[in-house]
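Note sheet for the following structure.
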Amino acid sequence: MSTSNITFRETGSSIKVTPVDEVSLEARAASLATRSIKTNSKRAALHLAIRCMDLTTLEGADTPEKVASLCQKAKRPDPSNHDVPSVAAVCIYPEMVHHAVEATKGSNVKVASVAGAFPSGLSTIEARTADIADAVKRGADEIDIVLNRSAFLAGDEQRAFEEIVASKDACGKAHLKVILEVGELGSYDKIRQASMLAMAAGADFIKTSTGKISQASSLPRVLCMAEAVRDFAQQTNISVGIKAAGGIRTAKQAWHYLVVIGETLGTEWLSPEMFRIGASSLLNDVLLQLKRLDSGSYSGPDYVTVD
Amino acid sequence: MTGKIPIAKTYKLFIDGAFPRSESGRTFSVNDTEGELIANVSQASRKDFREAVRAARAAQLPWASRTAYNRGQILYRVAEMLESRKTEFVELLKSIGVNSRSAAREIEDSIQRWVWYAGWSDKYSQILGSVNPVSGPYFNFTVPEPTGVVGIIAPTEPSMLGLISRLAPAIVSGNTVVVVSEGHSSLTSVTIGEVLATSDVPAGVVNILTGDQTDLLPWMVGHLDVNAVDISGISPETDPALLEEAASNVKRVISRQVNEESLELISDFLEMKTVWHPIGR
């Protein structure tokens, strides 16, 4: 791929998209993953991972009660330990938003809703923006939409771009996260191009995956997106957040992501405002690791909730 | 043929059906009775132990959910594999100081014992379970269920018959185990691991670590995801602090003779569950 340009929605200025060196990218991600975290930093890293977490349930079988119990867990991940912070947000389907708003009232846990024909994004743009506006009306603070991969991969980048612009307008005050579904994009060049396109169209966050396909978030893919965010910030002075989601299950994986973000974008990005981890089973593993730090002996899945 | 290169076996750990080296990179050496080096054996760390417990936990439910008949068949298959590697075991035991007649007898006894336990797989539950009389229109059953993940401190003497005698009664009912053995007996344990790896025993049901038993025992006793520990392999004067620690996380602690064969040993690793069921009309 050669260098290309995308027009920035806000200013009309042109943004440069450079190609990706695949070999160096993967080597860099692998070397960052070997960084060891010493015991006294571990607790801080685990707490940060919790503060940046979007606790997610996106199942057809979700019920108001399941969402309510998820919200309880989001507010107080470990009821036996006051030091454990609450998570950043709960991530749910639009139909569940008002239950989540109710259950998180009085806490600083945000409500994020997927919207816009999640997870494929393949319905008319009118239907999708209506879905988004509806989720916002129900009280969602953040909206997770999907990039139209069908248009993007077919070469109709303009349409993909305009749909994000329309979605951003439908969001109003709510934060917009754009899911690139990196596992379907095929190459790092495409991931960088899609990242730039989403940011230029007005995304507040770019997100790796829906969690609905097996090829989800990976360290090199997130590094690729982080480098795009860095380039975008250099060219426009606008800081866009990153959300890694899908397949992140262990505390160790979570702090690999923290290292990649911290090393690529700086500590400014190591906060729930700029970085999120979307996960459903990760929280339990982080809690087990915290218990291990507190008690000195290994804990087990019998000692955390079954979700 | 001249210039033949001796090919010595690398003794590694057995975790989740694979044979990794220790994550710590450490080894310890085992010498034969003449003081000649037999092998450098992987020395497991607490992190290897943690991984082994994770594998054992993941394997436990699927292993217990197999039919009793199927578990019996798989254990019988292990006996067949032991039978075919008899000469290897005899040589191994001789190299660590067992005389050849005792070595041959130890192998025979081990295989017989393993088959004896394999046969119990679809029988212990009838003997140990019961239908209890109650005053009401209910059936009241007591059924044995496996305890879960069991940590076993492998006996050093006799190394083969000792481990077989502790291993078989634990896994026959659907428990999964993490064995820690040390010194000379490590060689026997790893070789038994190789037999298990080729006998249809699912990955993670038996995990074998070699290293320092006194070093790893506190981690085993403190681990909240280990349901029982079998300390028959070490001296009975176990540190009372360890027993207290085991009690604090409600862990069963089993200590038996290392060379025994009894149904009671199976029930050491069982929990009795009583269920009430209304009698239909």
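Numbered from 1 within each chain, the chains take letters A, B, ... in sequence-line order. When reading the values below, keep in mind they use all heavy atoms of this one structure, side chains included, and skip hydrogens, waters and symmetry mates.
- For the atom pair NZ of Lys47(B) and OH of Tyr298(A), the computed distance is 6.5 Å after rounding to the nearest 0.5 Å.
- When all heavy atoms of Asn249(B) and Tyr303(A) are compared, the closest pair comes out as O-OH, 4.3 Å.
- Around atom CZ of Phe139(B), no more than 12 heavy atoms belonging to other residues, nucleotides or ligands sit under 6.0 Å away.
- Counting all heavy atoms, side chain and backbone alike, Asp225(B) lies closest to Pro301(A) at OD2-CD, 3.2 Å.
- For Arg21(B), the CZ atom is loosely surrounded, since the number of other residues' heavy atoms within 6.0 Å does not exceed 12.
- The nearest pair of heavy atoms linking His223(B) to Ser299(A) is CE1-O, 3.4 Å.
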